[in-house]
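We number each residue from 1, following the sequence as shown.
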Amino acid sequence: METNQPTKVTVQAVIQAPVEKVWRYWTEPDHITKWNQASEDWHAPRAENDLRVGGKFLTRMEAKDGSMGFDFGGVYDVVNRHEAIGYTMGDGRRVDITFVDQGNETKVIETFDAESSNPVEFQQAGWQAIMDNFKAYTEQN
């Protein structure tokens, strides 16, 4: 029995937009910089995205007051247009995102391996906040 299996955490949202738009807003750097933050006092000033298996992505996340920041990135393992994205982060944790086409709305389900230095509930709340920002941005633009 393996004892070092990471805890899987899932966040999701139903976006009132067709899958083509949801996919574009999720993957294009010009859009990523508009929604990829967990709270109003953070922002994503820069994003790069080579959306293909083996391609890399990086989003710079910073506190607006300049007190801290970090690069969030990884390498794509799965890219199925309008259906699924999977990637491995720099620390080896996995993330899988599913896009469920429901006509004029799209369900986005994101499952990630939790890290061990923060409570799972804290991580889930942060990732859900980013998902909620994505939903709001996509529906309003």
Side-chain angles (χ1 to χ4, degrees), residues 2-141:
E2 291 186 40
T3 57
N4 290 336
Q5 288 296 319
T7 300
K8 300 274 187 196
V9 181
T10 299
V11 298
Q12 60 185 330
V14 175
I15 292 85
Q16 301 301 311
V19 70
E20 295 82 7
K21 178 181 180 181
V22 170
W23 181 269
R24 194 170 68 248
Y25 279 35
W26 189 273
T27 60
E28 292 180 2
D30 288 346
H31 292 296
I32 294 168
T33 58
K34 307 285 192 308
W35 59 263
N36 200 356
Q37 64 275 337
S39 63
E40 286 296 316
D41 51 344
W42 280 74
H43 66 146
R46 184 172 46 87
E48 303 166 11
N49 197 17
D50 183 8
L51 187 62
R52 61 182 176 82
V53 172
K56 295 180 181 180
F57 71 93
L58 182 137
T59 302
R60 178 67 186 170
M61 304 176 97
E62 295 179 355
K64 288 181 180 175
D65 66 6
S67 62
M68 62 188 324
F70 62 94
D71 291 335
F72 180 81
V75 177
Y76 290 110
D77 307 305
V78 175
V79 177
N80 294 328
R81 185 175 167 86
H82 298 163
E83 294 177 5
I85 295 172
Y87 61 86
T88 303
M89 292 184 266
D91 62 6
R93 293 183 297 135
R94 292 263 319 135
V95 179
D96 292 294
I97 305 138
T98 304
F99 299 81
V100 182
D101 183 350
Q102 299 176 330
N104 287 329
E105 63 184 29
T106 305
K107 186 173 192 176
V108 180
I109 306 161
E110 185 174 29
T111 302
F112 65 94
D113 293 343
E115 43 93 356
S116 58
S117 56
N118 291 293
V120 170
E121 298 77 18
F122 177 80
Q123 295 174 65
Q124 183 171 24
W127 286 58
Q128 185 65 55
I130 293 170
M131 178 72 75
D132 294 344
N133 282 344
F134 173 74
K135 174 181 169 63
Y137 172 77
T138 304
E139 289 178 355
Q140 294 166 11
N141 291 284

Decide yes or no for [X] and [Y]: does some side-chain heavy atom of the first lie under 4.5 Å from some side-chain heavy atom of the second?
X: Met131; Y: Val108; result: yes
X: Trp23; Y: Leu51; result: yes
X: Val9; Y: Gln123; result: no

For [X] and [Y], work out which heavy atoms get closest and say how close.
X: Thr138; Y: Ala17; result: CG2-CB, 4.2 Å
X: Phe134; Y: Val22; result: CZ-O, 3.5 Å
X: Trp42; Y: Lys64; result: O-CE, 3.4 Å

Donor-acceptor contact present, side-chain [X] to main-chain [Y], <3.5 Å:
X: Thr59; Y: Ala47; result: no
X: Glu48; Y: Pro29; result: no
X: Lys107; Y: Gln12; result: no
X: Asn141; Y: Tyr137; result: yes

Lys21 charged N/C atom sitting above Tyr25 aromatic ring, 6.0 Å / 45°:
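Yes; both conditions hold, so Lys21 lies above the ring face of Tyr25.
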Spatial distance of atom [atom1] ([X]) from atom [atom2] ([Y]) [nearest 0.5 Å]:
X: Phe72; Y: Ile130; atom1: CZ; atom2: CD1; answer: 7.5 Å
X: Thr98; Y: Ile85; atom1: OG1; atom2: CD1; answer: 10.0 Å
X: Glu62; Y: His43; atom1: CD; atom2: NE2; answer: 5.0 Å
X: Asp71; Y: Leu58; atom1: CG; atom2: CG; answer: 4.5 Å
X: Met68; Y: Met61; atom1: CE; atom2: CE; answer: 12.0 Å
X: Ile97; Y: Trp26; atom1: CD1; atom2: CH2; answer: 5.0 Å

Under 3.5 Å, is there a donor on one side chain and an acceptor on the other for Asn49 and Thr27?
no
Does a donor on one side chain sit under 3.5 Å from an acceptor on the other, for Gln16 and Glu105?
yes
Tell me, with the steps shown, if Gln37 and Asn133 meet side-chain contact (heavy atoms from CB on, under 4.5 Å).
CA-CA 7 Å; Gln37 64 275 337; Asn133 282 344; 3.9 Å; yes
Can you tell me which residue pairs pass the salt bridge (Lys or Arg N to Asp or Glu O under 4.0 Å) test with a partner in residues 27-37, sequence neighbours excluded?
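Every pair satisfying salt bridge (Lys or Arg N to Asp or Glu O under 4.0 Å) with a residue in residues 27-37: there are none.
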Carefully, step by step, assess Glu20 and Arg24 under the rule salt bridge (Lys or Arg N to Asp or Glu O under 4.0 Å).
CA-CA 6 Å; Glu20 295 82 7; Arg24 194 170 68 248; over 6 Å; no
Verify side-chain contact (heavy atoms from CB on, under 4.5 Å) between Val14 and Gln102, making sure each step is shown before the conclusion.
CA-CA 9 Å; Val14 175; Gln102 299 176 330; 4.2 Å; yes
Does Phe122, at its CZ atom, have more than 12 non-hydrogen atoms belonging to other residues, nucleotides or ligands within less than 6.0 Å?
no
More than 12 heavy atoms of other residues, nucleotides or ligands under 6.0 Å from CG of Asp91: yes or no?
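Yes - once you tally the heavy atoms of other residues, nucleotides and ligands closer than 6.0 Å, there are more than 12.
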Atom pairs and distances, donor-acceptor, side-chain atoms in residues 109-116, under 3.5 Å, two or more places apart:
unit_1: Thr111; atom_1: OG1; unit_2: Thr10; atom_2: OG1; d: 3.0
unit_1: Asp113; atom_1: OD1; unit_2: Lys8; atom_2: NZ; d: 2.7
unit_1: Asp113; atom_1: OD2; unit_2: Arg94; atom_2: N; d: 2.9
unit_1: Glu115; atom_1: OE1; unit_2: Ser117; atom_2: N; d: 2.6
unit_1: Glu115; atom_1: OE1; unit_2: Ser117; atom_2: OG; d: 2.6
unit_1: Glu115; atom_1: OE1; unit_2: Asn118; atom_2: N; d: 3.2
unit_1: Glu115; atom_1: OE2; unit_2: Asn118; atom_2: ND2; d: 2.8

Applying salt bridge (Lys or Arg N to Asp or Glu O under 4.0 Å) to Arg81 and Glu83, what does each step give before you reach the verdict?
CA-CA 5 Å; Arg81 185 175 167 86; Glu83 294 177 5; over 6 Å; no
Please state whether the rings of Phe57 and Tyr76 are parallel, tilted or perpendicular, taking 30° and 60° as the class boundaries.
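Aromatic pair Phe57/Tyr76 classed tilted.
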